[in-house]
Amino acid sequence: WLVIAVGLVRAYLAKGSYHSLYYSIEKPLKFFQTGALLEEYLLIAKYLPGIVPSSVVLTAFQVMSRVFLTWAVTHSVKEVQSEDSVLLFVVAWTITEIIRYSFYTFSLLNHLPYLIKWARYTLFIVLYPMGVTGELLTIYAALPFVRQSGLYSISLPNKYNFSFDYYTFLILVMISYIPIFPQLYFHMLHQRRKVLSHTEEHKKSE
């Protein structure tokens with residue numbers, strides 16, 4: 001993710017514009033975001049065969065939605081790749097992941113700076129809505145092109161007697177954000193209160 005961040009900065013400095021910066025980081029974005037599926041598999045496997053915590057389920061939705069947006073929307077609908085909304089979610093993902101992996105790394109080293117802990121449990125307040133806004137706007141921008149081209153849609157009649165409308169599916173995906181995003185957001189707010197308040201109490205006791 002640091003590679004993606006550097007790529008964005010270099011492309012911006014070279015072009016002097018933030019428009020269409022997606023093309024400068026397209027390949028590493030696809031590679032690293034798809035690689036998150038392995039991380040999520042290991043995370044879920046860690047909790048099995050016990051009961052999977054809701055936070056893991058919510059995280060799984062987040063990872064799958066990102067992979068879906070990367071491949072099934074941005075990669076598949078070339079027309080949206082120049083949209084500013086793509087840069088919006090890419091920047092949000094990149095900052096979020098750099099902070100998250102820094103948090104994990106320093107935690108494993110038993111030397112977690114308070115600044116990184118604070119950033120992990122505070123910056124999401126802006127980054128989550130920013131990322132979701134970019135994702136929804138990108139899907140919305142893809143809808144006319146999907147409808148016109150019939151992308152990934154299956155029409156009747158066919159030998160399987162099955163139909164699928166990708167345009168409608170994308171609308172359902174957008175609607176699914178309504179119940180899922182608040183759960184993710186309020187879960188993180190709850191974690192923030194718990195973690196940062198515990199840190200403050202620990203400082204006071206010292």
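None of the values given here were measured: they were computed from a predicted structure.
Atom OG1 of Thr74 and atom OH of Tyr22 lie 5.5 Å apart (nearest 0.5 Å). Taken from OG1 in Thr138 to CG in Leu143, the straight-line distance is 11.0 Å, to the nearest 0.5 Å. Here Phe186 contributes atom CZ and Leu189 contributes atom CG; the two are 6.5 Å apart, rounded to the nearest 0.5 Å. Separation of atoms OH (Tyr12) and CG (Leu21) is listed at 9.0 Å; rounding is to 0.5 Å.
For the pair Met130 and Leu88, the tightest heavy-atom approach, listed with the atom from each and the gap, is CE-O, 3.5 Å.
Side-chain contact annotation: Tyr152 with Ser76, donor-acceptor N/O pair under 3.5 Å present. With no hydrogens or angles considered, no side-chain donor-acceptor pair links Ser82 and Ser20 at under 3.5 Å.
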- Item | Criterion side chain to side chain contact (heavy atoms under 4.5 Å, CB included) on Ser176 and Phe61, from CA distance to verdict | CA-CA 10 Å; Ser176 73; Phe61 172 83; 4.1 Å; yes
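Aromatic rings from Tyr185 and Phe181 are positioned such that their centres are separated by under 6.0 Å.
At least one donor-acceptor pair closer than 3.5 Å links the side chain of Ser197 to the backbone N or O of Lys194.
Atom OH of Tyr128 is surrounded by more than 12 heavy atoms from other residues, nucleotides or ligands within 6.0 Å. Atom CZ of Arg192 has more than 12 heavy atoms from other residues, nucleotides or ligands within 6.0 Å.
With sequence neighbours left out, Ser107 forms a side-chain hydrogen bond (donor to acceptor under 3.5 Å, both in side chains) with no residue at all.
Members clustered with Leu37: Val63, Met64, Val67, Trp71, by chain and number, using a 4.5 Å side-chain heavy-atom cutoff among hydrophobic residues.
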